[in-house]
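Report on one structure; see the data block that follows.
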Amino acid sequence: MWIRFVLVALASLLGGGCRMVAPLSPAAMAVLKPPSDDDGARIYTGSVVPKGEHQPAFWYERRVAQGPDGMVSRHLSYRAGSDDVVLSQRAVHSEHYALRRFEEVHGQTGVVSAAQVLEDGSLELTTTRGDRTRRRTERPGAPVVVGPTLFGYVLHNWDALIGGERLPVRFAAPEQARSYEFTLQVVEATPHTTSIAFRASSALVRMGVDTMTLVFDTRTRKILRYVGRVPPRLERLAVFDAQVDYTFVAADYR
């Protein structure tokens, strides 16, 4: 029974596990609003269909702008068929998608979290629920990725991946105040599509989180589809896996 409990807990690793909704501050609430032109150019939209379903539960958009400290990529998740923002993820990174800072406001759970890569490669994580804040620092390790930088990191390392390399990364999950080790590896390459597995390094984590798949157009290198864990929540804050299909608005990914 104890092992079963651990596995159930692991199933929520990339989407959190908090069942209590904390009140958001006015500043955090202000983040959860439809974007303006100042939030950058829209790159694509994604339709989020839960596994086993046929209709989207959410949709999201990627926006990118140039900031004083680097590129700023923002993912905004909405309830399907509406402009109701439920989640904001904002990443500041280099042009090669090396993460500098990540901020997330989760309107469904009420959790505000952040991750920052320090000069020595250490990862500083901060999680706020209501009036309680938790901080934790991890030692330097593999490159850190988050939702808004993952695809760009793949594209920056495209030749290495196509050449058969397995690339280790750390996926920052500041809502849990920690990161998790993953590997990226090409599992199928055809003239039309290239599929890349995003797989947890730990066997125990893999028992709770299935391998995720990123499918790119081989010729244009645009992301076509993602299958796996997503950050929004279903009813009763249930985490879930989904298929996300992308529609590009911009000419190229950035």
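- Scanning all heavy atoms of the two residues, the minimum distance from Val64 to Met71 falls at CG1-CE, 3.7 Å.
- In terms of the side-chain hydrogen bond (donor to acceptor under 3.5 Å, both in side chains) criterion, residue partners of Arg101 (sequence neighbours excluded) are, by chain and number, Glu103, Gln116.
- Qualifying side-chain hydrogen bond (donor to acceptor under 3.5 Å, both in side chains) partners for Ser47, counting only residues two or more places apart in sequence or in other chains: none.
- Considering only heavy atoms from C-beta on, Val154 comes within 4.5 Å of Phe216 through its side chain.
- Relative to the six-membered ring of Tyr180, Arg178 meets both conditions, a distance below 6.0 Å and an angle of at most 45° to the axis.
- Between the side chain of Arg206 and the backbone N or O of Ala200 there is at least one donor-acceptor pair closer than 3.5 Å.
- With sequence neighbours excluded, no residue forms a side-chain hydrogen bond (donor to acceptor under 3.5 Å, both in side chains) with Glu124.
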| task | Start with the C-alpha gap between Asp241 and Lys51, add the side-chain angles, then the distance that decides, and say whether salt bridge (charged side-chain N to carboxylate O under 4.0 Å, His left out) holds. | result | CA-CA 6 Å; Asp241 292 345; Lys51 184 177 180 180; 5.2 Å; no
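- Under the salt bridge (Lys or Arg N to Asp or Glu O under 4.0 Å) criterion, Asp217 pairs with no residue at all, not counting sequence neighbours.
- Listed by first and then second residue, the salt bridge (charged side-chain N to carboxylate O under 4.0 Å, His left out) pairs involving residues 244-254 are Arg225-Asp245 (not counting sequence neighbours).
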Contacts under 3.5 angstrom, residues 138-152 side chains, donor-acceptor by atom type, not counting sequence neighbours:
residue : atom : partner : partner atom : Å
Glu138  : OE1  : Ser179  : OG           : 2.5
Glu138  : OE2  : Arg136  : NH1          : 2.7
Glu138  : OE2  : Ser179  : N            : 2.8
Thr149  : OG1  : Val146  : N            : 3.1
Thr149  : OG1  : Val146  : O            : 3.3

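- With sequence neighbours excluded, the residues that form a side-chain hydrogen bond (donor to acceptor under 3.5 Å, both in side chains) with Ser122 are Asp120.
- Side chains of Ser88 and Arg74: a donor on one and an acceptor on the other come within 3.5 Å.
- Partners of Arg135 under the salt bridge (Lys or Arg N to Asp or Glu O under 4.0 Å) rule, at least two apart in sequence or in another chain, do not exist in this structure.
- The closest side-chain heavy-atom distance from Tyr246 to Arg62 is not below 4.5 Å.
- Side-chain atoms of Thr128 and Thr133 include a donor-acceptor pair closer than 3.5 Å.
- With sequence neighbours left out, Gln185 forms a side chain to side chain contact (heavy atoms under 4.5 Å, CB included) with Arg166.
- In this view, Asp159 and Arg221 satisfy the salt bridge (Lys or Arg N to Asp or Glu O under 4.0 Å) rule, not counting sequence neighbours.
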Please output the side-chain donor-acceptor pairs of residues 189-197 that fall under 3.5 Å, not counting sequence neighbours, one pair per line with the distance.
residue : atom : partner : partner atom : Å
Thr190  : OG1  : His192  : N            : 3.1
Thr190  : OG1  : Thr193  : N            : 2.9
Thr190  : OG1  : Thr193  : O            : 3.1
Thr194  : OG1  : Thr218  : OG1          : 2.9

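- Side chains of Arg100 and His93: a donor-acceptor N/O pair is absent below 3.5 angstrom, by distance only.
- For the side chain to side chain contact (heavy atoms under 4.5 Å, CB included) test, residues two or more places apart in sequence or in another chain that qualify with Asp69 are Val92.
- Listed here is the closest heavy atom pair of His75 and Tyr60: ND1-CE1, 3.6 Å.
- Contact record, Pro35 with Tyr78: CD-OH, 3.1 Å, taken as the closest heavy-atom pair.
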